[in-house]
Protein chains: 2
Amino acid sequence: MTAAKRADARRNQATLLDAAAAVFVESGVDAPVREIATRAGVGMGTIYRHFPTRADLVVAVYRHQVDACTEAGRSLLAGPTDPYAALGQWIDLFVDFLVTKHGLADLMRSDNAGFETLHTYFLDRLVPVCTDLLAAAAAAGAIRADVAAYELLRGVGNLCIGAGQDPGYDARRLVALLIAGLRHNPVA
Amino acid sequence: MTAAKRADARRNQATLLDAAAAVFVESGVDAPVREIATRAGVGMGTIYRHFPTRADLVVAVYRHQVDACTEAGRSLLAGPTDPYAALGQWIDLFVDFLVTKHGLADLMRSDNAGFETLHTYFLDRLVPVCTDLLAAAAAAGAIRADVAAYELLRGVGNLCIGAGQDPGYDARRLVALLIAGLRHNPVA
DNA sequence: TGCTAAACGGAACAGCGCTCCGTATCTTTA
DNA sequence: TAAAGATACGGAGCGCTGTTCCGTTTAGCA
């Protein structure tokens with residue numbers, strides 16, 4: 001189809017993805033662009049031609065994992081698991097994903113123009129699944145029904161910011177509290 | 001006491017504080033240092049002499065409000081309010097404070113060296129009050145007792161990041177959920 | 001009115017994202 | 001196989017940051 005690209009270009013794109021993935025692990029997703037370029041053995045121009053914005057690069061690197069998370073959600077929904085437990089398990093997966101990628105959560109909340117690509121990709125995949133999970137749990141009477149998936153995901157994403165850099169801060173615990181807060185309870 | 005400073009120095013310090021406060025409102029707490037210096041009509045050197053790090057400047061600007069928040073917590077504790085409600089009201093105050101200062105929450109979670117001043121000041125004041133509020137609510141049997149004030153404040157701070165820039169995201173709502181999650185509930 | 005220490009100002013340096021265009025390489029075609 | 005045209009590459013360079021450093025100015029005192 002769109003395979004009309006030159007061979008070296010395709011090769012460089014793959015090299016860049018590998019290099020970026022490696023650098024992201026080592027130095028976080030906010031590593032200098034130059035570092036990635038050097039690591040891949042290419043020039044600055046090349047990286048920007050393949051990935052016009054950093055968000056494009058990040059999306060390309062993590063696309064698979066986001067898709068996997070989405071599918072896991074669908075499985076959970078289809079499976080026999082209690083809807084509230086399913087929601088909890090899925091959120092755990094999401095948190096694990098964010099927490100293990102140094103600095104990804106920070107990027108997610110970035111309001112800088114140019115990160116819309118990232119928002120779009122992540123949210124387009126995850127919001128629908130999350131919406132269904134929430135609906136199922138609400139239908140089962142386990143949680144309140146007035147919380148939007150978008151808002152919840154943003155909240156969870158925010159709670160994951162800085163996780164792992166501060167021994168006194170456990171994002172998973174706090175996310176668990178947030179999810180617990182979804183339950184119907186005596187508060188108005 | 002330490003009033004051994006020259007008159008012009010004291011004047012400049014005040015001018016800088018005013019300028020910084022104004023710029024923070026207009027452009028957020030992450031406004032370029034040059035902007036603040038220009039606004040105050042001083043050079044770069046002056047600003048760095050008075051406030052070696054940005055955190056020092058931020059602390060100086062918001063010191064009063066943090067103190068006010070602390071005192072409000074003490075009042076709430078001493079007053080007749082139900083402990084759980086008191087906790088909720090105090091958290092609301094804190095959230096209001098963070099949300100109205102464009103970008104303050106972002107700074108709070110910054111792990112950059114040099115922001116310890118900010119962490120130290122904010123947390124040194126707020127953690128003790130929050131600890132007491134939590135303890136009171138726990139003693140009244142309203143909430144679980146295994147959540148540290150530090151962690152809760154970090155969580156709330158994180159939830160406030162980016163608030164007000166996204167119409168679909170309401171930090172107050174999510175914080176309320178988090179607090180609701182503190183209640184004893186059927187979940188393990 | 002000097003004199004000195006304190007304070008000032010802004011040029012200068014370093015690190016970053018991003019662009020731009022001369023050069024090199026691939027691919028196609030004769 | 002060789003030449004032409006299209007495509008991709010590389011990295012110097014620009015603009016914007018934070019931060020330092022030191023020659024110059026000025027307040028306060030004798």
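Every chain is numbered from 1 and lettered A, B, ... according to where its sequence line falls, protein lines coming before strand lines. Heavy-atom basis, side chains included; hydrogens, waters and symmetry copies ignored. These numbers come from a predicted model, not from an experiment.
Proximity of B/V61 to B/V29: side-chain heavy atoms (C-beta onward) are nowhere separated by under 4.5 Å.
For the pair A/H50 and D/dC9, the criterion of a side-chain N or O lying under 4.0 Å from OP1 or OP2 is met.
A/R34 comes within 4.0 angstrom of a nucleotide base, judged by non-hydrogen atoms across all strands. Among the atoms of the strands shown, only primed sugar atoms or phosphate atoms (P, OP1, OP2) are found under 4.0 Å from some heavy atom of B/R54.
Rounded to whole angstrom, the span from the CG atom of B/L107 across to the C1' atom of D/dG18 amounts to 14 Å. In this entry the distance linking CZ of A/F51 with P of C/dG17 reads 16 Å, nearest Å. Between A/R49 atom CZ and C/dC21 atom C1' the separation is 11 Å, expressed in whole Å. Remark: C1' of C/dG9 and CD1 of B/I36 are 17 Å apart, rounded to the nearest angstrom. Residue B/L16 contributes atom CG, which lies 14 Å from atom P of C/dA7 at whole-angstrom precision. In this structure, the CG atom of A/D30 is 16 Å from the P atom of C/dG15, given to the nearest Å. One atom, CD of A/Q13, and another, C1' of D/dC9, lie 14 Å apart when rounded to the nearest Å. As rounded to whole Å, 17 Å separates atom P of D/dT7 from atom CG of A/N12.
Without hydrogens or angle criteria, A/D106 side chain to A/I161 main chain gives no donor-acceptor distance under 3.5 Å. For the pair B/T53 (side chain) and B/G114 (backbone), a donor-acceptor distance under 3.5 Å is present. Checking side-chain atoms of A/S75 against main-chain N and O of A/E71 turns up a donor-acceptor pair under 3.5 Å. Counting only distance, with no hydrogens or angles, the side chain of B/T100 and the backbone of B/F97 share a donor-acceptor pair below 3.5 Å.
The hydrophobic side chain of A/V25 is isolated, with no ILVMFWY side chain under 4.5 Å apart from it.
Here the options are A/D132, A/L134, A/L126, A/V127, the test is side chain to side chain contact (heavy atoms under 4.5 Å, CB included), and the partner is A/C130; only A/L134 passes.
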Might you work through the side chain to side chain contact (heavy atoms under 4.5 Å, CB included) test for B/V58 and B/K101, ending with a clear yes or no? CA-CA 11 Å; B/V58 173; B/K101 317 304 169 211; over 6 Å; no
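When the C1' atoms of four end pairs are superposed on the next four at each end of the helix from C/dT1-D/dA30 to C/dA30-D/dT1, using five pairs per end, the two resulting axes differ in direction by 20°, to 10°.
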Quick one: what's the B/S/- string for nucleotides 24-30 of chain D, heavy-atom cutoff under 4.0 Å, read 5' to 3'? --BSS--
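Residue pairs meeting the salt bridge (Lys or Arg N to Asp or Glu O under 4.0 Å) criterion with at least one partner in residues 31-60 of chain A, sequence neighbours excluded, are A/E26-A/R39. Counting only residues at least two apart or in different chains, salt bridge (Lys or Arg N to Asp or Glu O under 4.0 Å) contacts with residues 83-93 of chain B are absent.
Contact check of residues 37-48 of chain B against DNA chain D (heavy atom, cut-off under 4.0 Å) returns B/M44, B/G45, B/Y48.
Between A/I91 and A/L152, the shortest heavy-atom contact is CD1-CD2, 4.2 Å.
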